[in-house]
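So the structure is just underneath, and the comments pick up after that.
Order of the sequence lines sets the chain letters (A, B, ...), proteins ahead of strands, with each chain counted from 1.
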Amino acid sequence: MFSHLQHLIIFRPFFCPMKSQEIRSKYLEFFKSNAHTIVPSAPMVIKDDPTLMFTNAGMNQFKEYFLGNSLPKSTRMTDTQKCLRVSGKHNDLEEVGMDTYHHTMFEMLGNWSFGDYFKKEAIHWAWELLTEVFKIDKNILYVSVFEGSSDDNLELDKEALELWKAIVPEDRIILGNKKDNFWEMGDQGPCGPSSEIHVDIRSEEEKAKVPGRDLVNADHPQVVEIWNLVFMEFNRKADGSLEKLPAKHVDTGMGFERLCMVLQHKKSNYDTDVFTPIISEIEKVTSSKYGKSEKTDIAIRVIADHVRAVTFSIADGQLPSNTGAGYVIRRILRRAIRYGFTFLNTKEPFIYKLVDTLSTQMGETFPELKSQKNLCKNVIKEEEQSFLRTLDQGLILLENIIEKTEGKTVSGKKAFELYDTFGFPIDLTALILRERGYKLNEEEFNSELQKQKVRSRAASVIIAGDWQILGEEESQNFIGYDELLADVKITRFRKVAGQKGELFQIVLDKTPFYPEGGGQVGDKGYLKSSDGEMIKITDTKKENNLIIHFTKNLPKDPSATFKAVVDSKKRILTQANHSATHLLHQALRNVLGEHVEQKGSMVSSEHLRFDFSHFSKLTAVEIDEVENFVNERIREKLPLIEQRDLEYKQAIKQGAIALFGEKYGDSVRAIRFGNSMELCGGTHVQNTADIWYFKIISEGAVAAGIRRIEAITGDAVKAYFSGQTETLNEIRAELKNTKTPVKAIHSLQEENAALKKQVEALLREKAKNLKNELKNELNNINGIEFLAKKVDLDASGVKDLAFQLGETGNNLFLLLASEQDGKALLSCYISKELVAERDLDAGKVVRELGKYIQGGGGGQPFFATAGGKNPAGINEALEKAITYIE
RNA sequence: GGGGGAUUAGCUCAGUUGGCUAGAGCGUUUGGCUGGCAGCCAAAAGGUCAUCGGUUCGACUCCGAUAUUCUCCA
């Protein structure tokens, strides 16, 4: 006791609370001293789990251990995990920044037991860490225990209750319902009761008014949950029932930012040193002040929070885009821009300027922030510029809407259109309308939004059934590096119903099929049973470390042994493209510089696509150099050197290229061709000579600071070249086998332009002659210059003629007829003056005369045309024309 | 993955129920004014109305497909 006090006095004077850095490391060290292995944070962006776009809890990276799909290296681990939440129980994106304790991006401190310790240790360590290491006053802590649930036939968590009773007074223990104290991963999967620790940091006066235990789980900003201890012991099945897991696990999560708030004696997460550096930078670049008004405070919190989320995502390789995870990032960034625009009056990009501060502040713990700093800045700046343009455009459109609005209520449909089609934020619309004294029909807007949501959801509903387990997978499950066929057994399968009908997912005991990953597409092929039944495998993917084969139908006897056959033709072409991708990566770093980093990759049997960080368009010379570099490596016939179980640190030391935002285990696979060495799980050719030839097809930009190269190899290059040659030959042939086709085309184009002008001039001349001719034939009848005549011109020629004649007088009535392709055409021109004076209508004329040629038509009062299929009636139509002016 | 919009001169964009032989501003070229420049005035050049197909007497306009792009939802 005394030693604790001394510690407090010497190192922790009251006015100098622990820095956030120190809090983080104390947590990790505490569990390390209790035999936990410290592991790094997994990337925030998730790649091989279709049910999740971002890491939203500390447990995500361990999901496969809880599901039993693979075994952990150690049964006790601890980490800090970067997480992103944009929707959920208490966490709607639109709410972040309004209060002082919700975030999109946050750190989750966790300690984990995989079939090792359970409730007793988890509870004791949590209490010890909080009260003895961090020295939080026991009198401000509350704990909760699961009360049981009749739906699931579960009883009160007596074990946890007893454990807590031994250390906490009973009046500080709260029983919680299923919603608060029974944790589930999703609709299906591992789950279990939990115990939460809450902290009450209100002032003494406040506490006297309302007891803290009444405010637990009541959304009070200063009575908050800081630690959730989950005791995983059940598996939720598709039908909703629970079954016991073979092993019990512990999953805990403590919000780092909240812990800092408590330990630094602040009332808001944003007042801790996790946020203060960013906030003061925002104050600086926007010339605003935090703490002066509610509106600017919210805006500043929104920006401080969102810049973290966006920067971490981009550093992990997830760029803003218009689909999937990229779209979530875009939305977050745009929300920050819009708050700055409206409340801090920022009309120029500024958020990108905050990246430096963030990188300095957190770059030690998360090195990707340092190495990806420039990319983050470029991408954010570009996105800011483009969204500011969208806002400008939207303001104009909104102006139009307001002008056209009768009354004082603007249609929700219009507002929705502005939002949906033009991306103009609805709250900004509402704000502007309010300022102008208009109202927005919000009900109508919401119903439009709801319609759109329903439509989208219906289009993406996937219903997965329970796995039917038939056997165990082998530990070395993927054998496709060495084999393209194998005798296999189905270990589990399930039915999945989606928009495009039903299909089956099959898992094999071992498989030669490569699952989509690392940019390489999944293998196709088939399974064949001994009695000749064939099941086509349409795709292969990886889900939570399980290799899943997609097929339209199930074999008659799933328990039989099958011959698994990979479509080797496709696979071999794909391998050539994948190896070429590595050489391309090396070439780019060589030609352009070391700043080139892979930002995305797609390798199929047809072609390869490679996205990388670079700031400017590649010149023709650079593209040539890159191509030559790759082709030289191909000609050098470099053999594949594959190391399957290399230690990660060892690989990096040897110079292997690892990707940011990619999760690597301790043991990695390294692929080397000469001096190109990359960590890669994909399949490759045995020798670069197998690539044959490499050709870049296109080069362009995908985002600020990111460029894309598309290329082909081998036979595809041959096909490409022979196609090009064929086209060239055809061009040559057309040009009478000239040696200089480009020159020939050029002169043809010039000649063509000159001829066009000549023809135009001639036609004009001809029309003039014809015009003069017809002018002489005009008859003056009742003061009207009249002519009805058949001419030999096409539709536009007749029109030209009529208009030219029209210019020569103001009392013309023309009916011109012509015949083209067995069809008849009547055109009537009446001077506008006549139309007005005599109430004539060319449209009416042609419609009526059209009867004689069995057709119809119309036009304007002064010029109209009609077409018909009976040229024999032309004469009669011409004769009748005079009746209109008599 | 699903929905909505856009694509017209070098650039930014108009083009009303299908019919004014497609317009504006900026830019370009030429000429003029001015001592020179900035500038002003005048004139001209510049368009397969994204591509292909359909409906129609007639399509920039309507319909379908494709491409590119923006945007919302999942």
Side-chain angles (χ1 to χ4, degrees), chain A residues 50-53 86-87 93 320-328 330-331 334 383 386-387 389-394 396-397 400 404 413-426 445-446 448-462 498-500 698 700-702 749 752-753 756-757 760 763-764 767 793-807 816-821 823-829 832 835 841-843 845-871 877:
Chain A
T51 62
L52 210 54
M53 289 192 284
V86 284
S87 57
L93 176 59
S321 75
N322 58 359
T323 53
Y327 179 57
V328 175
R330 169 169 285 173
R331 255 170 56 198
R334 291 191 165 187
E383 188 70 22
S386 103
F387 189 56
R389 272 198 300 272
T390 302
L391 288 178
D392 274 341
Q393 184 77 14
I396 295 168
L397 292 169
N400 285 338
K404 284 183 189 153
K413 267 194 175 159
K414 284 267 184 234
F416 181 76
E417 189 191 329
L418 191 58
Y419 165 75
D420 180 54
T421 303
F422 300 100
F424 196 72
I426 186 62
F445 176 86
N446 286 329
E448 288 294 313
L449 184 64
Q450 208 50 40
K451 271 190 229 161
Q452 148 124 319
K453 285 191 175 176
V454 167
R455 209 168 38 222
S456 287
R457 217 167 276 144
S460 67
V461 165
I462 294 169
Q499 196 67 0
K500 284 171 190 149
S698 77
V702 268
Q749 281 172 334
N752 187 33
K756 256 191 197 162
K757 284 199 171 157
E760 244 172 67
L763 282 178
R764 230 174 291 136
L793 287 169
D794 68 354
S796 66
V798 173
K799 195 173 183 181
D800 266 347
L801 180 63
F803 275 78
Q804 291 206 13
L805 267 172
E807 281 170 13
L816 300 173
S818 63
E819 196 180 331
Q820 206 93 48
D821 303 327
K823 286 185 177 173
L825 179 73
L826 298 178
S827 306
C828 178
Y829 181 94
K832 282 180 180 166
V835 171
D841 182 353
V845 172
V846 295
R847 264 193 302 277
E848 288 173 5
L849 296 181
K851 283 186 292 198
Y852 300 108
I853 55 166
Q854 291 179 28
Q860 303 123 280
F862 77 102
F863 182 77
T865 56
K869 53 194 170 187
N870 178 28

Whole-Å distance separating the NZ atom of A/Lys453 from the C1' atom of B/G3: 14 Å
Any base atoms under 4.0 Å from A/Gly850, or only sugar-phosphate, or nothing? Heavy atoms, all strands. nothing
Between atom CZ in A/Arg389 and atom C1' in B/C70, what is the gap in whole Å? 11 Å
For B/C20, does the base pair up with any side-chain atom of A/Gln860 as donor and acceptor (N or O, under 3.5 Å, distance only)? no
Any base atoms under 4.0 Å from A/Tyr419, or only sugar-phosphate, or nothing? Heavy atoms, all strands. sugar-phosphate
Send over the distance from A/Leu805 CG to B/U21 P, rounded to a whole Å. 15 Å
All N/O pairs under 3.5 Å across the protein-nucleotides 4-8 of chain B interface:
{"residue": "B/G4", "atom": "O2'", "partner": "A/Thr421", "partner atom": "OG1", "Å": "2.8"}
{"residue": "B/G4", "atom": "N2", "partner": "A/Thr421", "partner atom": "O", "Å": "3.2"}

What's the closest nucleotide to the side chain of A/Thr865 if the choices are B/C13, B/U71, B/G19? B/G19
Would you say A/Arg457 places a side-chain N or O within less than 4.0 Å of OP1 or OP2 belonging to B/G3? no
Have a look at A/Gly843 and say if it touches a base, only the backbone sugar-phosphate, or nothing, with a 4.0 Å heavy-atom cut-off. nothing
Separation of B/C57 P from A/Leu849 CG (nearest whole Å): 17 Å
Reckon A/Gly855 touches a base, only the sugar-phosphate, or nothing at all at heavy-atom distances under 4.0 Å? nothing
Nearest-Å distance for atom pair CG/C1', residues A/Leu816 and B/C57: 15 Å
Could you give the CG-to-C1' distance, from A/Leu825 to B/C57, as a whole number of Å? 7 Å
A/Phe863 atom CZ is separated from B/C20 atom P, nearest whole Å, by 9 Å
Quick check on B/C72: is either OP1 or OP2 less than 4.0 Å from any side-chain nitrogen or oxygen of A/Arg331? no
Tell me: CD1 of A/Ile396 to P of B/C13, nearest whole Å? 9 Å
Look at the side chain of A/Gln393 and decide which nucleotide, out of B/C13, B/C72, B/C20, has an atom nearest to it. B/C13
For A/Gly857 and A/Ala325, take the nucleotide of RNA chain B holding the closest heavy atom to each; which residue's nucleotide lies nearer the 5' end? A/Gly857
Within the structure shown, what part of the strands sits under 4.0 Å from A/Arg847 by heavy-atom distance: base, sugar-phosphate, or nothing? nothing
Counting side-chain heavy atoms from CB outward, which of B/A74, B/C20, B/C72 is closest to A/Phe862? B/C20
Just the dot-bracket of RNA chain B, please: which string comes out with Watson-Crick or G-U pairs under 3.5 Å, [ ] for crossing, | for another strand? (((((((..((((.....[...)))).((((((.....)))))).....(((((..]....)))))))))))).
